[in-house]
Amino acid sequence: MVAYELKGNEFLGIEFGSTRIKVVLIDENYNPVESGGFTWENRYENGVWTYHTDEIFDGLREAYGELIKNLGQPIKTLKAIGFSAMMHGYLPFDKNGKLLVPFRTWRNTITGEAAAELTELFGFNIPQRWSIAHLYQAILNGEEHVKDIAYFTTLAGYVHLKLTGENVLGIGDASGMFPIDSEINNYDEAMLDKFSSLENVKKYSWDIRDILPKVALAGECAGVLTEEGARLLDKSGNLQSGIPLCPPEGDAGTGMTATNSVSVKTGNVSAGTSIFSMVVLEKQLNNVYEEIDMVTTPAGAPVAMVHCNNCCIDLDYWVNMLFDFAKRAGSKLTKPQVYDLLYNSALEGDSDCGGLVNFNYFSGEPVSHTDDGRPMFLRSKGASFTLPNFFRAQIFSTMATLKIGMKILEKEGVTIDRMFGHGGLFKTPVVGQRLMAGALCAPVSVMKTAGEGGAWGAALLAAYLIDKNGMPLEEFLNSRVFLDCESSTEIPDRNDTEGFEKYMKLYENAIAAEKAAYENV
């Protein structure tokens, strides 16, 4: 028996995350109906973090196929589709649509020279993971492929192009390729001119304006599903072409949408494989900081972003090891139960983790000025080495680098009325949320729908394309989507805040040891 009867007025959201491709179907009231997914993992090959292109579309079809299997019926048509993916990175193509080099993801920290030079040239922070930094580093390296570039884009833009034939990006994702001028909602003209005037750029026949994707705002139609695109998505052949698509967005933009964090003085923290915070600003920051990205909401409003490459992966490895021990000891605990047990034990630990400190670095962290990473656990002399302190240190480790960047916003006088959390760190109720509130000195709310994540946010942007009725995005979300949404809020606990401050002093002092680790091990 089919639990839900398709009506043809549903919306589909798809997001390519770091470890999972997720597909979410929502109804006309924006409620999730069913989902599907596909697990994948980046590879470190020839000094580059990458995903293979065949995995992209094989994974897409598998995730969509699981959705259909869970629905128990084929999808023939939809009102709209939205795509999202990890931001930044580098996907350059020639005039025949051939990918010129393997996909270079956001996780790479190999563009330091280019990022520093462009930051100075623009008077605007260009992080290493931004697409323009990857392009310019390839130029500085004298890479042969650069002369053949016809266009370059992000992962979301690439998938959207293959399904629609349109080379376009949502403004939020585009703001991680090249700086955006929020006055015109397009790439910054003065910075485009500065880039074009560089002597080592002039030697190429292409113009930067021609090889960047077109910028589109939330609510604009960014193409329709072609027959070829429908077959790339649905191998069964049931899905019809002609379905409209909203602009493809980055995971930051869909995270903001999924947590209703697109209004001024709101923010969100996405905590999974990586961790980043997004705060919508009243005005631009007074200074340029290499630790702060300036990006935009899907509607084009300026956003301060603190992005850290490492979050829950190291914690997951520790959980997997302890789960293996539990199984060997004859325990019947499931892995989710082990996660909950370990997370909750952290609330029993000393507020400062008793002199324990952990580094979750599998890769470098520009925010803490580390070029590479080695996961590392340390304990000071006389430390209280207990399970609660150990796991509290693991959770604090996931948010410590983020705090380094957030302290800059505090000094800039940025105020945050509300902060929303989503991602794996918040799956166990209360714990990650409470410790994050203490770390950021701000209330942290988690919505009932937070588990649906960016794929749901992509579906909401698809719904906004059709149902906006002239409303700004924030009004649509407030009045149509989140009016009666359930959420829980944890306010900062003084003991947690003071303990985290002590932990951070030890953490920041120990960064020298982390650098020594990756330089020598």
Side-chain angles (χ1 to χ4, degrees), residues 15 17-20 42 49 86-88 105-109 127-129 176 250-256 258-259 261 267-279 291-293 295 303-319 339 343 346 357-370 373 375 391-409 416 419-428 431-442 444-446 450-451 453-454 457 490 500 503-504 507-508 511 514:
E15 181 157 278
S18 302
T19 59
R20 186 167 172 78
N42 54 185
W49 289 104
M86 300 167 280
M87 290 177 66
H88 319 298
T105 78
W106 58 269
R107 196 173 186 180
N108 290 286
T109 50
Q128 289 198 47
R129 65 188 171 278
D251 51 356
T254 49
M256 298 174 78
T259 54
S261 306
N268 76 88
V269 175
S270 175
T273 302
S274 63
I275 185 169
F276 57 84
S277 64
M278 309 283 291
V279 180
E291 300 87 354
I292 307 292
D293 296 18
V295 292
V303 173
M305 178 184 189
V306 179
H307 186 285
C308 309
N309 292 335
N310 303 279
C311 186
C312 289
I313 292 181
D314 190 38
L315 182 153
D316 291 341
Y317 273 110
W318 284 106
V319 173
Y339 267 101
Y343 267 71
V357 66
N358 188 71
F359 283 87
N360 61 348
Y361 290 7
F362 280 81
S363 58
E365 287 287 7
V367 172
S368 59
H369 309 288
T370 52
F391 214 76
R392 191 179 181 94
Q394 294 298 321
I395 296 176
F396 274 1
S397 178
T398 66
M399 54 190 76
T401 310
L402 180 74
K403 180 64 176 181
I404 294 172
M406 292 297 288
K407 284 194 289 188
I408 295 172
L409 297 184
I416 305 171
M419 183 71 79
F420 292 96
H422 62 110
L425 186 66
F426 303 106
K427 281 187 177 179
T428 296
V431 184
Q433 188 180 349
R434 173 181 147 181
L435 296 182
M436 183 69 75
L440 299 185
C441 304
V444 174
S445 299
V446 173
E490 290 291 324
F500 187 75
Y503 177 88
M504 283 302 299
Y507 186 90
E508 292 185 82
I511 288 175
E514 169 64 20

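What you see below is based on every heavy atom in this structure, not just the backbone, and it leaves out hydrogens, waters and symmetry mates. Just so it is clear, the model here is predicted, and its values are computed rather than measured.
- Distance OG/Ser274 to CZ/Arg129: 8.5 Å, rounded to 0.5 Å.
- Nearest approach of Ala346 to Phe391, heavy atoms of both residues: CB-C, 4.1 Å.
- Ring pair His307/Trp106 is perpendicular by interplanar angle, where above 60° counts as perpendicular and below 30° as parallel.
- Residues Gln128 and Thr109 come closest through the heavy atom pair OE1-C, 3.1 Å.
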- For the pair Met436 and Phe426, evaluate side-chain contact (heavy atoms from CB on, under 4.5 Å) and give the outcome as yes or no after the intermediate values. CA-CA 9 Å; Met436 183 69 75; Phe426 303 106; 4.1 Å; yes
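- No side-chain heavy atom of Trp318 sits less than 4.5 Å from a side-chain heavy atom of Asn360.
- Here the closest heavy-atom approach between residue Ser363 and residue Asn309 is recorded as OG-CB, 3.6 Å.
- Taking CD of Glu490 as the reference point, atom OG of Ser445 lies at 9.5 Å (rounded to 0.5 Å).
- Checked by atom type and distance alone, the side chain of Lys403 never pairs as donor or acceptor with a backbone atom of Leu440 at under 3.5 Å.
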- Report the C-alpha separation of Glu291 and Lys407 in whole Å, then their side-chain angles, then the decisive distance to 0.1 Å, and conclude whether the salt bridge (Lys or Arg N to Asp or Glu O under 4.0 Å) test is met. CA-CA 10 Å; Glu291 300 87 354; Lys407 284 194 289 188; over 6 Å; no
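- Considering all non-hydrogen atoms of both residues, Met399 and Gly432 come closest at CE-O, 4.4 Å.
- Considering CG of Asn310 and CG of Leu402, their distance stands at 12.5 Å, rounded to 0.5 Å.
- When all heavy atoms of Ile292 and Ala304 are compared, the closest pair comes out as CG2-CB, 4.0 Å.
- Side chain of Ser397 to main chain of Asn358: a donor-acceptor pair is present (N/O by atom type, distance under 3.5 Å, no hydrogens or angles).
- Considering only heavy atoms from C-beta on, Arg392 comes within 4.5 Å of Leu435 through its side chain.
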- Item | From CA spacing to verdict: side-chain contact (heavy atoms from CB on, under 4.5 Å), Leu315, Tyr343 | CA-CA 10 Å; Leu315 182 153; Tyr343 267 71; 3.8 Å; yes
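- Counting all heavy atoms, side chain and backbone alike, Met305 lies closest to Ala252 at CE-CB, 4.2 Å.
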- Task: Kindly determine whether Val303 and Met256 satisfy side-chain contact (heavy atoms from CB on, under 4.5 Å), including the steps that lead there.
- Result: CA-CA 10 Å; Val303 173; Met256 298 174 78; 3.7 Å; yes
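- Aromatic ring centres of Tyr317 and Phe362 lie closer together than 6.0 Å.
- Put simply, the side chain of Tyr503 never gets that close to the backbone of Val357: no donor and acceptor are under 3.5 Å apart.
- Under a 3.5 Å cut-off, the side chain of Gln433 and the backbone N or O of Val444 do form a donor-acceptor pair.
- Counted by atom type alone, Thr254 and Glu15 present one or more donor-acceptor pairs between their side chains at under 3.5 Å.
- For the atom pair CD of Glu514 and OG1 of Thr370, the computed distance is 6.5 Å after rounding to the nearest 0.5 Å.
- Atoms CE and OG1, on Met86 and Thr273 in that order, are 9.0 Å from each other to the nearest 0.5 Å.
- Side-chain contact between Val269 and Phe420: absent, with no pair of heavy atoms (C-beta onward) separated by less than 4.5 Å.
- Ring centroids of Phe359 and Tyr507 are separated by less than 6.0 Å, placing the two rings close together.
- Between the Ser261 side chain and the Thr259 main chain, a donor and an acceptor come within less than 3.5 Å of each other.
- Here the OG1 atom belonging to Thr398 is positioned 4.5 Å from the CG atom belonging to Leu425, to the nearest 0.5 angstrom.
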- Begin with the C-alpha distance, continue with both residues' side-chain angles, and end with the deciding distance and a verdict on side-chain contact (heavy atoms from CB on, under 4.5 Å) for Thr401 and Tyr361. CA-CA 10 Å; Thr401 310; Tyr361 290 7; 2.8 Å; yes
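- A donor-acceptor pair under 3.5 Å is formed between the side chain of Asn108 and the backbone N or O of Trp49.
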